[in-house]
2 protein chains.
Amino acid sequence: MCDSDAVTDPPTLRERKKRATREALQAAALRLALERGPDNVRVEEIAQAAGVSTRTYNNYFPSREQAIVAGVAADRAAGVAAAVLARPAGVGLADAVVEAVVGLYADPGDQPPAALLMIAASPTLRDCYVEAVTTFEEPLAGAVTTRCPGVGPLAARVLAAAVGAAARVALRQWLHGTGEVPSMAGFVVPPAPLPDFVRAALLPLAPALDAAAS
Amino acid sequence: MCDSDAVTDPPTLRERKKRATREALQAAALRLALERGPDNVRVEEIAQAAGVSTRTYNNYFPSREQAIVAGVAADRAAGVAAAVLARPAGVGLADAVVEAVVGLYADPGDQPPAALLMIAASPTLRDCYVEAVTTFEEPLAGAVTTRCPGVGPLAARVLAAAVGAAARVALRQWLHGTGEVPSMAGFVVPPAPLPDFVRAALLPLAPALDAAAS
DNA sequence: ACGCAAAATTGCGTGCACGCAAAAATATGC
DNA sequence: GCATATTTTTGCGTGCACGCAATTTTGCGT
């Protein structure tokens with residue numbers, strides 16, 4: 001947090017390689033999972049597809065599920081803090097936070113829609129995807145203190161954690177309904193758009209956010 | 001949730017035996033962990049001490065850490081909902097919830113203080129203990145809807161999850177400071193009593209809780 | 001008391017995560 | 001350019017969680 005604004009020095013070779021293997025692993029894991037189904041992918045195959053040993057694979061991801069999910073969920077999370085700070089100073093904290101989080105799930109993203117379907121179908125992947133929102137929380141807390149220096153570090157952490165919890169609830173609910181979609185006839189209307197779900201889940205926290213900003 | 005108030009029928013033999021083995025496993029796990037240190041306890045030993053196979057042990061607990069921690073954390077959680085409902089109807093939702101959660105960590109409990117020290121010392125056990133507060137959340141949501149029928153199920157879930165998140169933050173902070181206690185001279189003043197920590201962490205959520213109760 | 005259905009326990013096999021220490025790759029000072 | 005310190009990769013060994021199917025235990029109706 002005291003990084004001031006280190007301009008991300010010339011990316012040393014080490015970091016570039018690390019990033020490369022991480023992305024290779026993510027891509028391989030997701031691709032294989034989509035091809036064969038999540039349960040028919042052995043860790044050894046993921047590592048082999050990325051050109052590393054299984055041990056190094058485990059140096060990057062603590063579980064097979066995270067390797068599969070990381071690509072679709074992790075990077076988007078990094079944008080939340082920036083989105084909060086980007087809102088004009090006039091709007092309240094609650095609005096800023098809610099819109100920032102909603103914005104994350106608003107656009108279709110660059111991921112194939114099949115990925116979300118697969119994640120929704122597998123309980124293990126669902127849990128992993130839902131728990132990935134934790135990535136938001138620390139940067140969000142930072143953004144909150146930056147925007148409203150009066151809130152104090154504890155309150156910021158608590159509010160960020162609360163927002164994360166609400167997002168988890170919303171995701172869980174939405175994925176729960178989405179997972180069983182291809183059931184009957186072609187009437188597979190997604191029960192409700194995700195952003196609306198997130199907004200509804202975040203709504204009860206608005207009073208707390210606005211009250212803290214004073 | 002539609003159990004109305006089933007008066008916990010005559011506990012059938014099966015349930016009694018299940019409860020017995022579960023408690024035996026908890027007790028054995030905690031005892032062995034305290035004796036030898038958490039890392040020097042093999043699952044097989046826990047199972048053997050409880051008189052069951054390692055496979056049945058895994059039918060009761062999904063991880064060794066949970067077996068050790070469950071005894072000190074799980075049962076207390078069950079009381080939260082009751083505590084919320086026990087508060088007189090006059091006090092606001094926020095006060096009721098906060099006091100209920102604080103009350104959980106207020107009394108020393110029937111557990112040896114060494115247990116908490118051990119948990120605080122081991123990162124793995126800490127995480128497990130912290131994550132155990134999730135047990136609160138569903139009953140808490142139920143209690144909230146019972147107390148304030150106007151809040152709607154989604155809001156109740158969100159608020160309960162937010163409270164759980166705040167409690168996790170408080171626990172994490174407190175355990176982090178407590179873990180390194182036996183460092184220098186005998187001046188090992190616990191940085192601050194846990195209840196105060198919890199109260200402080202729950203404070204920022206009060207506006208949301210009170211606003212929902214209307 | 002008997003027998004059948006439901007549920008729990010058990011053993012086995014498999015895949016996985018991770019600690020540890022050696023080896024390879026990369027950065028840094030001279 | 002070369003030697004050295006730091007970091008990353010890798011292989012190996014260990015312990016663990018869990019699916020599956022057979023077996024034992026419990027519940028309940030007759």
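Here is the naming used below: chain letters follow the sequence lines, and residue numbers restart at 1 for every chain. All values below were derived from every heavy atom in this structure, side-chain atoms included, with hydrogens, water molecules and symmetry-related copies excluded. Computed from a predicted structure; not experimentally measured.
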CZ of Arg16(B) versus C1' of dG27(D): gap in Å, rounded? 13 Å
For atom CG of Asn59(B) and atom C1' of dT25(D), their distance in whole Å: 14 Å
Does a nitrogen or oxygen in the side chain of Tyr60(A) sit under 4.0 Å from OP1 or OP2 of dT9(D)? yes
Nearest of dT10(C), dA17(C), dT9(D) to any side-chain atom of Asn58(A)? dA17(C)
Does Ser53(A) place a side-chain N or O at less than 4.0 Å from the phosphate oxygens OP1/OP2 of dT10(D)? yes
Rounded to whole Å, the CD-P distance (Glu15(B) to dA8(C)) equals 9 Å
Here the distance between atom P of dG15(D) and atom CD of Gln48(B), to the nearest Å, is 15 Å
So does Glu35(B) pair up with Arg31(B), basic N to acidic O under 4.0 Å? yes
Under 4.0 Å: is that the gap between some side-chain N or O of Lys17(A) and OP1 or OP2 of dT26(C)? yes
Using whole Å, what does the distance between atom P of nucleotide dC18(C) and atom CD of Glu65(B) come to? 11 Å
Starting from P on dT9(D), measure out to CZ on Phe61(A) and report it in whole angstrom. 12 Å
Counting just side-chain N and O atoms, does Thr56(B) come under 4.0 Å of either OP1 or OP2 of dA8(C)? no
Quick one: Arg42(B) CZ to dG13(D) P, roughly how many Å, whole number? 17 Å
Is the phosphate of dA17(D), meaning OP1 or OP2, less than 4.0 Å from a side-chain N or O of Tyr57(B)? yes
Per atom distances to the Arg64(B) side chain, the nearest of dC16(D), dT10(D), dA17(C) is dC16(D)
pair_partner(dA5(C)), Watson-Crick or wobble, both distances < 3.5 Å, evaluates to dT26(D)
Quick check: does any side chain N or O of Tyr57(A) sit under 3.5 Å from a backbone N or O of Gln48(A), one acting as donor and the other as acceptor? no
Mind checking if Thr54(A) touches a base, just sugar-phosphate, or nothing, with heavy atoms under 4.0 Å? nothing
Salt bridge present between Glu137(A) and Arg168(A) (N-O < 4.0 angstrom): yes
Base dT9(C) paired with Arg55(B) side chain (donor-acceptor, <3.5 Å): no
Mark yes or no for a side-chain to base donor-acceptor pair under 3.5 Å between Arg14(A) and dT6(D), with no hydrogen or angle criteria applied. yes
Distance, rounded to the nearest Å, where Asn40(A) contributes CG and dG19(D) contributes P: 15 Å
Could you walk me through whether Leu32(A) and Arg36(A) pass side-chain contact (heavy atoms from CB on, under 4.5 Å), step by step? CA-CA 6 Å; Leu32(A) 290 174; Arg36(A) 315 184 188 172; 4.1 Å; yes
At their closest point, which heavy atom of Ala100(A) faces which heavy atom of Val84(A), and how far apart are they? CB-CG2, 3.6 Å
